[in-house]
Amino acid sequence: MPAYNCAKYIGASIESVIAQTYINWELLITDDCSTDDTVEIIKRYAEQDKRIKLFIQERNGGAGLARNNSIEKAKGRYIAFLDSDDRWVANKLSKQISFMKEHEVVLSYSSYFKCDEESKCIGIVKCRKKVSYKDIVRNDYIGCLTIVYDSLSVGKMYMSDIRKRQDWSLLIAILKKCKVAYGLQEPLAIYRIRKNSLSSNKIRLVKYNVLFYQDVFGWSRIYSVLFFLFVFMPFFIVEKIRINIVGNIDKC
């Protein structure tokens with residue numbers, strides 16, 4: 001879990017991990033130089049539950065570097081991700097890890113709910129049953145808060161240090177090795193949509209996508225722009241339409 005100035009929400013995020021029916025977990029939180037009460041809140045939870053561990057970055061480096069620090073420190077076989085304003089449902093880890101063991105899956109994910117800043121449920125993102133390497137290059141079909149990967153099978157895999165889309169770069173790297181990821185159709189997490197988040201600013205997302213292609217694949221700027229316009233956008237629009245059709249609900 002990366003953390004940065006998330007005092008309003010991080011308590012609920014931590015509590016959703018504590019509430020897991022799967023109890024053999026460790027929660028590694030790396031704070032990225034917060035200036036609010038985030039660190040104090042984390043410390044209170046860590047004092048009450050020794051499975052929670054806090055690390056503090058010396059300088060602000062973004063969510064990718066914060067996540068990487070926690071990945072490096074992780075002792076478990078299975079690596080999962082949860083941002084400090086999102087939540088897991090109580091059987092999230094037990095469902096996914098059982099599924100991965102039973103079917104010998106290296107990378108799994110699930111559907112997830114969407115909520116607003118006040119925790120009101122506003123919809124659901126129904127995941128695909130499987131995503132290949134070819135699929136993930138065209139579009140990021142997998143919610144980071146639902147990812148679980150088996151580090152025993154592919155080794156510890158780390159995120160790019162770019163400020164946005166680090167989770168997408170990780171998925172691309174893992175799928176280069178395991179070829180296919182498998183999804184659980186049941187919603188197992190709750191993603192919070194915030195008005196001022198990076199993901200809510202569509203113009204900035206265009207910029208980040210082009211930079212992403214340049215950084216991750218080494219493509220030229222022109223090729224990156226063309227790929228964004230004629231490959232990413234068509235698949236992105238189709239996926240949004242699909243989600244809107246299957247994801248209309250009025251409660252979590």
Do the ring planes of Trp219 and Tyr223 sit parallel (below 30°), tilted (30 to 60°) or perpendicular (above 60°)?
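Ring orientation of Trp219 relative to Tyr223: perpendicular.
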Start with the C-alpha distance between Ile241 and Phe236, add both sets of side-chain angles, then the distance that settles side-chain contact (heavy atoms from CB on, under 4.5 Å), and finish with yes or no.
CA-CA 9 Å; Ile241 293 172; Phe236 177 81; over 6 Å; no
Ring-face cation of Lys73 near Phe55 (centre distance under 6.0 Å, axis angle within 45°):
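Yes, Lys73 and Phe55 form such a contact.
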Classify the side-chain pair [X]/[Y] by whether it contains a donor and acceptor separated by less than 3.5 Å.
X      : Y      : result
Arg192 : Ser13  : no
Tyr45  : Glu15  : yes
Asn5   : Thr35  : yes
Ser160 : Gln166 : no
Asp135 : Ser132 : yes

Does Tyr9 share a hydrophobic cluster with Ile29, counting links as ILVMFWY side-chain heavy atoms below 4.5 Å and allowing steps through other members?
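In one cluster with Tyr9: Ile29, no.
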Transitively linked via ILVMFWY side-chain contacts under 4.5 Å: Ile23 with Tyr78?
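As far as the 4.5 Å side-chain criterion goes, Tyr78 and Ile23 are not connected within one cluster.
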Would you say [X]'s side chain and [Y]'s backbone share a donor-acceptor pair under 3.5 angstrom?
X      : Y      : value
Asp32  : Gly61  : yes
Glu104 : Met100 : no
Asn244 : Lys240 : yes
Ser16  : Trp88  : yes

Check whether the ring centres of Tyr208 and Phe212 lie less than 6.0 Å apart, and answer yes or no.
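Centroid distance Tyr208-Phe212: not below 6.0 Å, so no.
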Considering non-hydrogen atoms only, spot the tightest contact between [X] and [Y] and give its length.
X      : Y      : value
Pro187 : Val89  : O-CG2, 4.0 Å
Lys92  : Leu188 : CG-O, 3.0 Å
Thr30  : Asn69  : OG1-ND2, 2.9 Å
Asp31  : Thr38  : OD1-CG2, 3.7 Å

Counting only heavy atoms not in Arg77 (residues, nucleotides, ligands), do more than 12 fall under 6.0 Å from its CZ?
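Counting neighbours around CZ of Arg77, more than 12 heavy atoms of other residues, nucleotides or ligands fall under 6.0 Å, so yes.
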Test salt bridge (Lys or Arg N to Asp or Glu O under 4.0 Å) applied to Lys156 and Glu72, step by step
CA-CA 8 Å; Lys156 281 191 176 180; Glu72 182 183 357; over 6 Å; no
Do Glu26 and Lys75 meet the salt-bridge criterion of a basic N to acidic O distance under 4.0 Å?
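Looking at Glu26 together with Lys75, the answer is no, because their closest N to O distance does not fall below 4.0 Å.
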Answer yes when Glu40 and Lys43 have at least one side-chain N-carboxylate O distance shorter than 4.0 Å, and no when they do not.
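No, Glu40 and Lys43 are not salt-bridged.
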Mind running side-chain contact (heavy atoms from CB on, under 4.5 Å) on Tyr182 and His103 for me, showing each step along the way?
CA-CA 10 Å; Tyr182 295 90; His103 300 284; over 6 Å; no
I'd like to check the ring-ring contact (aromatic ring centres under 6.0 Å, His included) partners of Tyr158; sequence neighbours left out, ordered by chain and number.
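With sequence neighbours excluded, Tyr158 shows a ring-ring contact (aromatic ring centres under 6.0 Å, His included) to no residue whatsoever.
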With rounding to the nearest 0.5 Å, note down the distance linking CD1 in Ile136 to CD1 in Ile172.
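The distance works out to 6.5 Å.
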Test log, rule side-chain contact (heavy atoms from CB on, under 4.5 Å), inputs Val148 and Leu107
CA-CA 6 Å; Val148 180; Leu107 174 62; over 6 Å; no
